[in-house]
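Everything below concerns the one structure shown next.
All values derive from a computational prediction rather than experimental measurement. Excluded from the calculations below are hydrogen atoms, water molecules and symmetry mates; all remaining heavy atoms, backbone and side chain alike, are included.
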Amino acid sequence: MEANTLFFLKALLLLCFNVCFTLASDPDPIQDFCIPKPMTSPHHDHHFSTNLPCKNSSEVTTEDFVFSGLKTAGNFTETGFATVPVSPANFPGLNTLGLSFVRADLKPGSINPPHYHPRATEVAHLVKGRVYSGFVDSNNKVYAKVMEEGEMMVYPKGLVHFQMNVGDVTATILAGLNSQSPGIQKIPSVVFGSGINEELLMKAFGLSLKQIGTLKKRFDPLMSNEH
């Protein structure tokens with residue numbers, strides 16, 4: 001009896017592990033593809049469109065699986081950084097496939113600040129330029145190097161990573177992520193632009209109230225719009 005109970009518990013534990021592991025990533029597709037029908041609600045989140053009705057296969061064309069928006073850089077910010085994100089929101093052919101993509105361009109000296117993707121691992125390919133790139137693991141160890149043209153680097157899921165153009169020309173990076181909605185949290189904005197209590201931030205970083213205020217003005221979108 002005890003042996004049967006132990007076997008049952010082990011089997012239950014294994015089942016729970018497999019279910020939890022499966023739920024931690026994008027669901028597997030149950031058909032070849034699903035090009036979503038045009039959405040009638042402007043409030044629907046395109047990134048989480050796996051539950052949208054699919055076009056009839058007779059309505060699907062080759063163009064549904066082609067995206068031409070990566071030929072040129074996106075709009076550069078004042079800091080010299082530009083991105084073109086690619087997800088089912090602008091490339092319906094990716095829907096239900098568990099993939100997204102991004103083109104990033106960095107002018108000399110500009111950075112992609114420390115950030116992480118809570119739902120995806122990222123693989124970045126340096127097409128042009130020289131970029132200091134790396135990530136920090138859960139033991140606070142940094143893995144970083146200056147990448148040369150043609151090299152790739154992987155940033156494990158959920159770990160903070162960063163990039164800085166250390167060359168003389170605008171750098172271009174093409175990156176793939178294994179989720180159609182990887183999410184992104186930029187550390188400076190998360191810490192100083194989300195409304196965390198100022199006293200807590202003062203104690204956590206050893207900064208004065210004035211310094212906290214300066215950082216909040218820079219990273220809090222509501223405060224920055226006032227100036």
Side-chain angles (χ1 to χ4, degrees), residues 16-17 20-21 23-26 43 45 47-48 74-85 87 89 100 102-124 126 129-147 153-167 171 173 175-227:
C16 289
F17 175 80
C20 291
F21 182 80
L23 293 178
S25 59
D26 288 1
H43 304 295
D45 191 334
H47 296 80
F48 295 92
N75 296 322
F76 283 92
T77 65
E78 293 180 358
T79 61
F81 180 60
T83 60
V84 180
S87 72
S100 56
V102 64
R103 169 177 173 158
D105 291 88
L106 301 90
K107 292 184 177 180
S110 66
I111 69 168
N112 186 4
H115 63 281
Y116 69 96
H117 306 288
R119 296 182 290 274
T121 292
E122 177 180 354
V123 177
L126 182 60
R130 298 178 72 245
V131 171
Y132 173 69
S133 173
F135 66 91
V136 182
D137 71 6
S138 56
N139 292 315
N140 213 34
K141 180 178 178 181
V142 63
Y143 296 85
K145 65 164 289 185
V146 173
M147 293 176 63
M153 190 169 195
V154 62
Y155 312 120
K157 179 179 178 179
L159 296 187
V160 172
H161 52 281
F162 48 83
Q163 295 150 344
M164 178 172 65
N165 186 345
V166 295
I173 297 171
L177 302 99
N178 66 341
S179 171
Q180 74 175 50
S181 180
I184 182 171
Q185 290 194 289
K186 297 183 178 181
I187 303 305
S189 298
V190 168
V191 175
F192 298 106
S194 61
I196 295 176
N197 181 276
E198 291 180 346
E199 181 181 357
L200 186 150
L201 294 176
M202 291 168 61
K203 293 179 178 179
F205 294 97
L207 300 174
S208 68
L209 182 60
K210 182 179 180 180
Q211 290 171 321
I212 294 295
T214 300
L215 290 167
K216 291 188 70 173
K217 287 180 181 179
R218 179 176 180 182
F219 296 109
D220 188 326
L222 296 179
M223 295 184 68
S224 60
N225 288 337
E226 297 175 358
H227 298 271

Under 4.5 Å between any side-chain heavy atoms of [X] and [Y], yes or no?
{"X": "Leu215", "Y": "Leu207", "value": "yes"}
{"X": "Ser87", "Y": "Gln180", "value": "no"}
{"X": "Met202", "Y": "Leu209", "value": "yes"}
{"X": "Val136", "Y": "Phe162", "value": "yes"}
{"X": "Lys216", "Y": "Glu198", "value": "yes"}

What's the spacing between [X] [atom1] and [Y] [atom2] if we round to 0.5 Å?
{"X": "Met147", "Y": "Ser133", "atom1": "CE", "atom2": "OG", "result": "5.0 Å"}
{"X": "Asn75", "Y": "Asp105", "atom1": "CG", "atom2": "CG", "result": "11.0 Å"}
{"X": "His117", "Y": "Glu122", "atom1": "NE2", "atom2": "CD", "result": "4.0 Å"}
{"X": "Ile173", "Y": "Leu106", "atom1": "CD1", "atom2": "CG", "result": "5.5 Å"}
{"X": "Glu199", "Y": "Leu201", "atom1": "CD", "atom2": "CG", "result": "10.5 Å"}
{"X": "Ile184", "Y": "Tyr116", "atom1": "CD1", "atom2": "OH", "result": "10.5 Å"}

Nearest non-hydrogen partners of [X] and [Y], listed with the distance:
{"X": "Ala120", "Y": "Leu177", "value": "CB-CB, 4.0 Å"}
{"X": "Thr121", "Y": "Lys157", "value": "OG1-N, 3.1 Å"}
{"X": "Pro182", "Y": "Pro118", "value": "O-CD, 3.3 Å"}
{"X": "Ser179", "Y": "Ser100", "value": "O-OG, 2.7 Å"}
{"X": "Met164", "Y": "Gly109", "value": "CG-O, 4.4 Å"}
{"X": "Ser138", "Y": "Leu159", "value": "N-CD2, 4.3 Å"}

query = Do other residues, nucleotides or ligands put more than 12 heavy atoms under 6.0 Å from the CG atom of Asn197?
reply =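 Counting neighbours around CG of Asn197, more than 12 heavy atoms of other residues, nucleotides or ligands fall under 6.0 Å, so yes.
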Expected output: side-chain Thr214 to main-chain Lys210 donor-acceptor under 3.5 Å =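 It does hold such a pair.
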task = Return yes if some donor-acceptor pair links the side-chain N/O of Asn139 with the main-chain N/O of Lys141 below 3.5 Å, else return no.
result =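 Not a single qualifying donor-acceptor pair exists.
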request  = Kindly indicate, with the supporting measurements, whether the criterion side-chain contact (heavy atoms from CB on, under 4.5 Å) is fulfilled by His161 and His115.
outcome  = CA-CA 6 Å; His161 52 281; His115 63 281; 3.1 Å; yes
inquiry  = Testing Leu126, Val166, Val146 one by one against Val131 for a side chain to side chain contact (heavy atoms under 4.5 Å, CB included), which residue passes?
reply    =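 Answer to the side chain to side chain contact (heavy atoms under 4.5 Å, CB included) test with Val131 among Leu126, Val166, Val146: Leu126.
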inquiry  = For Phe205, give me all partners under ring pair (Phe, Tyr, Trp, His ring centres under 6.0 Å), at least two apart in sequence or on another chain.
reply    =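 Counting only residues at least two positions away or on another chain, Phe205 forms a ring pair (Phe, Tyr, Trp, His ring centres under 6.0 Å) with Phe192.
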request  = Could you check whether the rings of Phe135 and Tyr155 sit parallel, tilted or perpendicular, using 30° and 60° as the cut-offs?
outcome  =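 Perpendicular.
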